[in-house]
2 protein chains.
Amino acid sequence: MEERRREILAAAGRVFARKGFERSTTAEIAREAGVAEGTIFRYFPTKRDLLVSVVASLVMESLPALLERIETGTIEDAIKDILRNRLDLIKENAPLLKLFFAEALFREDLREKFIEEVVLRATARAEAFYRQQQEQGNLRPLNPQIAIRCLMGMLGIFVIWKEFLGGDKYVRFDEEEVLETITTIYLDGVRDRGR
Amino acid sequence: MEERRREILAAAGRVFARKGFERSTTAEIAREAGVAEGTIFRYFPTKRDLLVSVVASLVMESLPALLERIETGTIEDAIKDILRNRLDLIKENAPLLKLFFAEALFREDLREKFIEEVVLRATARAEAFYRQQQEQGNLRPLNPQIAIRCLMGMLGIFVIWKEFLGGDKYVRFDEEEVLETITTIYLDGVRDRGR
DNA sequence: CTAAATTATGAGTGAGCACTCACTAAAATT
DNA sequence: AATTTTAGTGAGTGCTCACTCATAATTTAG
């Protein structure tokens, strides 16, 4: 049944997200899914396939949302809106993204899949947005590939800090203030030009 | 002999950096170090201790360099100089940092050590720099904790892209242009105010 | 209701691997 | 030169864990 497949996939996702791939055992995944260990292997030939399927389903479900919704309005609003949307999306899938990220660091094949199907497509979309705004004279003529990554990096570090490293225990940030500050810095920089 | 200890540590670092912790075997580390497998355990009680020691030695050796050298001169130069120095330092230790990062994602104890001994100290130093410049009226009155992390994030994403994910295969960036653009954006933003 | 087909089970298997230990080689001490 | 101490070895051990397979339960077909 297709239902079982999804249950197993979901359980695997939870366990992987909790412990990472290597430290997760198929026994625990089976327990979490409420099936026998053997059942897993009726649906997925190897543990590795389980990982790839988990990741694939995440990508397939989240990517469309990641690529849509470029708002109009002032650039401030557009950027803040983009950041907010992406942040929500990331937060929803944080455990799995973390898993994926961790695995991608040492697994060429997973990494390629991720970079090609998510990163490159998302950045291309964002770069197009930058170029478009550039032509309208709203943004400075910087290299869009670099400029876009800078914005992603600013957002990314707070995601990594909070969602991946549990940094809240050490320093907790107010989300609105962060988004506000990122937008401010990205658009106008930190230099004080006098009032 | 103390020499052996360092050889084993170095070999372990190389193997861990290549494969990640779980996928590295003590047999391979022994081969890489040119010693018998049993010898490893005369110096390090467990494989885990090996990891912790590798990480500790990295931290101990790199941290001082990470914290010194806040230059004077214009803010542009100071920031560019800081970015350049940190980038060199990171690039030198990239494989081990990657390993550490990957492990930290799923290991509370390692993570705590890293955050407390490296991240918090480094950010505190940088925040102090920001505050100082703020008081001199050079930088806008933004939350220094956030502002500093934004700069780190901008730099960080390029490091992750190139050193951790091997993104050069897809998009390669000119280092100088990246540093230049980061500095520009960080100081003055991307908004076009007309010439 | 029975037979066949499908799906689920979990004890069992074998491979991999961290770690041990009985032994050897070398160095230090007498 | 003899003896003790220290350093190094690698085959062996026991445990973990992904994966198998003979059997059982459930569903479907006749």
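In what follows, chains carry the letters A, B, and so on, assigned in the order in which the sequence lines appear, proteins first and then strands, with residues in each chain numbered from 1.
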Would you mind checking if B/R31 and B/E37 are paired as a salt bridge, meaning a charged N to carboxylate O distance below 4.0 Å?
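Result for this pair is no, no salt bridge flagged.
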
Salt-bridge test for A/R107 and A/E112: reply yes if a basic N is under 4.0 Å from a carboxylate O, no otherwise.
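Judged by the 4.0 Å cut-off on N to carboxylate O distance, A/R107 and A/E112 do not form a salt bridge.
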
Output the rounded distance in Å from [atom1] ([X]) to [atom2] ([N]).
| X | N | atom1 | atom2 | answer |
| --- | --- | --- | --- | --- |
| A/E37 | C/dT13 | CD | C1' | 12 Å |
| A/R31 | D/dA18 | CZ | P | 12 Å |
| B/R5 | D/dT6 | CZ | P | 19 Å |
| B/K47 | C/dC17 | NZ | P | 9 Å |
| A/F41 | C/dA11 | CZ | P | 16 Å |
| B/E2 | D/dG8 | CD | P | 11 Å |
| B/I40 | D/dA7 | CD1 | P | 17 Å |
| A/L50 | D/dC17 | CG | P | 16 Å |

Distance-only donor-acceptor check, side chains A/T183 and A/E76, under 3.5 Å
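No, because no side-chain N or O of A/T183 sits under 3.5 Å from a partner of the opposite role on A/E76.
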
Contact between B/Y130 and B/Q145 at the side-chain level, heavy atoms closer than 4.5 Å - yes or no?
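A side-chain contact is absent here, since even the closest heavy-atom pair is not under 4.5 Å.
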
Starting from the 5' end of DNA chain C, give me the residue, B/P45 or A/G34, whose nearest nucleotide shows up first.
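Whichever sits nearer the 5' end wins; that is A/G34.
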
Of the listed nucleotides (C/dC19, D/dG8, C/dA8), which one gets closest to any side-chain atom of A/R42?
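Output: C/dA8.
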
So which nucleotide from C/dA18, C/dC19, D/dT9 ends up closest to the side chain of B/T26?
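So the nucleotide nearest the side chain must be C/dA18.
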
Phosphate OP1/OP2 of D/dA7: any B/R4 side-chain N/O under 4.0 Å
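Answer no for this pair, as no side-chain N or O of B/R4 is under 4.0 Å from OP1 or OP2.
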
Does B/T39 reach a base, just sugar-phosphate, or nothing at all? Heavy atoms under 4.0 Å.
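Counting heavy atoms under 4.0 Å across all strands, the contact made by B/T39 includes a base.
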
Please work out if B/Y43 contacts a base, only the sugar-phosphate, or nothing of the nucleic acid, heavy-atom cut-off 4.0 Å.
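Here B/Y43 touches the backbone only, sparing every base.
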
Please say whether the positively charged group of A/K47, taken as NZ for Lys or CZ for Arg, lies over the ring of A/F21, i.e. under 6.0 angstrom from the six-membered ring centre and within 45 degrees of the axis.
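Yes, A/K47 and A/F21 form such a contact.
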
